[in-house]
Every structure is written in structure tokens, then in C-alpha cells.
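Following: one structure in C-alpha cells, then a few remarks.
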Amino acid sequence: MVKEEHKMAGLGPPHNAIPVPSTIINIRSEASVPDHVVWSLFNALFMNACCLGFAAFAYSVKSRDRKMVGDVMGAQSYASTAKCLNIVALVLSLLVIILFVGLLATGTVMSLQAVSEMLKKDPSF
């Protein structure tokens with residue numbers, strides 16, 4: 001066994017060494033493009049005013065697809081559209097909720113006033 005190790009040590013580098021071509025991979029450091037999928041999904045499920053949440057979700061998925069393909073400009077365009085649709089859907093939904101609560105509160109106050117007027121006119125009621 002010592003003899004085999006001696007032979008291996010004496011071989012040295014190969015005599016006809018051809019330079020091995022190397023491969024260089026350039027990885028671009030792209031800015032991450034937010035696709036707003038979670039926000040769009042929330043708006044599509046809970047605040048879907050005029051189907052804007054669903055449209056925003058569709059644009060968010062398109063943005064994610066463009067990002068996976070490597071089309072950064074397309075991804076940014078779709079993400080920008082999704083963000084605008086999400087903002088509009090959120091504002092409209094909040095306005096509807098505030099209006100509903102306001103009408104509910106106003107209706108409740110008015111009905112309480114009507115009941116108190118009835119009690120003042122007819123105490124036996």
C-alpha cells in the first residue's frame with residue numbers, strides 16, 4: 001500500500017493540461033417589485049366594491065407572473081394598476097361602511113325620538 005501511495009505522489013500534474021473554460025453567471029440585482037397580492041385578496045374577499053377588489057387581484061397575479069418571467073417593467077406596470085385599484089376599492093368600501101353606520105345611527109336616534117314622543121303623548125303606552 002505504501003508503494004501505491006508513492007506512485008501516486010510521483011505523478012504530478014498532467015503534462016498536456018488544456019485550460020478549462022470557465023462559465024460566468026451574471027446575476028442582476030433587481031429591485032423587488034411589490035405585487036400587492038395579499039392586499040388584493042383581502043379586498044376581493046371582504047371589500048369588493050364594484051368588483052374592484054377582484055380586478056386588483058387579477059392585476060396582482062399578472063404582476064407576479066411578469067416578475068417570474070423577468071419582465072420588471074411589465075411587473076411594475078401591473079403592480080401600479082393593482083395598487084390604484086386596491087386604494088379605490090378600499091376608499092369606496094370604507095365610505096359605504098361609514099354611510100351605513102351613519103344611516104343606522106341616525107335611524108336609531110330618530111326612532112328613539114319617535115318612541116319618546118309617543119310615551120309623552122300617551123303615558124299608558
Side-chain angles (χ1 to χ4, degrees):
M1 186 141 185
V2 174
K3 203 178 211 183
E4 291 174 10
E5 288 177 4
H6 180 65
K7 284 184 182 179
M8 294 298 285
L11 290 176
H15 295 290
N16 57 355
I18 301 172
V20 178
S22 61
T23 304
I24 298 174
I25 300 173
N26 292 327
I27 300 174
R28 294 179 290 172
S29 60
E30 300 171 356
S32 70
V33 179
D35 49 18
H36 308 292
V37 171
V38 176
W39 187 14
S40 299
L41 185 62
F42 176 79
N43 280 342
L45 292 176
F46 299 112
M47 299 186 164
N48 200 11
C50 301
C51 294
L52 291 174
F54 180 71
F57 183 69
Y59 276 99
S60 295
V61 171
K62 284 183 179 185
S63 172
R64 182 168 281 188
D65 289 344
R66 292 284 94 202
K67 188 167 56 172
M68 290 298 167
V69 171
D71 181 15
V72 177
M73 295 302 289
Q76 286 175 344
S77 173
Y78 283 126
S80 174
T81 304
K83 182 179 178 181
C84 290
L85 288 173
N86 278 325
I87 290 171
V88 171
L90 182 67
V91 168
L92 283 178
S93 297
L94 289 176
L95 285 175
V96 167
I97 291 171
I98 290 170
L99 182 67
F100 180 73
V101 168
L103 289 175
L104 184 67
T106 304
T108 304
V109 169
M110 291 179 73
S111 60
L112 285 176
Q113 286 177 350
V115 168
S116 68
E117 289 293 326
M118 286 174 53
L119 288 175
K120 284 181 185 177
K121 288 181 184 178
D122 187 15
S124 64
F125 182 65

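Predicted model, so just to flag it, every value in this text is computed and none were measured. Every heavy atom of this structure was used, including side-chain atoms; hydrogens, water molecules and symmetry mates were not.
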If you take all heavy atoms of [X] and [Y], which pair is closest and at what distance?
X	Y	answer
His36	Ala79	CD2-O, 3.5 Å
Ala75	Lys67	CB-N, 3.8 Å
Ser40	Ala82	OG-CB, 4.5 Å
Ser93	Ala49	OG-CB, 3.5 Å

- Asn48 side chain to Phe54 backbone, donor-acceptor under 3.5 Å: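 A pair under 3.5 Å: yes.
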Out of curiosity, does [Y] fall in the hydrophobic cluster containing [X] (side-chain heavy atoms, cut-off under 4.5 Å, transitive links)?
X	Y	result
Val72	Tyr78	no
Leu52	Tyr59	yes
Val91	Phe46	yes
Val61	Met68	no
Val88	Phe42	no

- side chain to side chain contact (heavy atoms under 4.5 Å, CB included) with Leu99: which of Val96, Leu103, Leu95?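 The passing option is Leu103.
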- Message: Name the residue from Lys62, Arg64, Lys83 that meets the side chain to side chain contact (heavy atoms under 4.5 Å, CB included) definition with Asp35.
- Response: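 The option that passes is Arg64.
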- Task: Would you indicate whether the side-chain heavy atoms of Met47 and Leu94 approach each other to under 4.5 Å?
- Result: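 Yes, at least one pair of side-chain atoms sits under 4.5 Å.
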- Task: Working to the nearest 0.5 Å, report the span between OG of Ser60 and CG of Leu41.
- Result: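 These two atoms lie 9.5 Å from each other.
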- Gap between atom CG of Leu90 and atom CG of Asn86 - 0.5 Å precision: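 Result: 8.0 Å between the selected atoms.
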- Task: Please step through side-chain contact (heavy atoms from CB on, under 4.5 Å) for the pair Trp39 and Ile87, ending with a clear verdict.
- Result: CA-CA 10 Å; Trp39 187 14; Ile87 290 171; 3.5 Å; yes
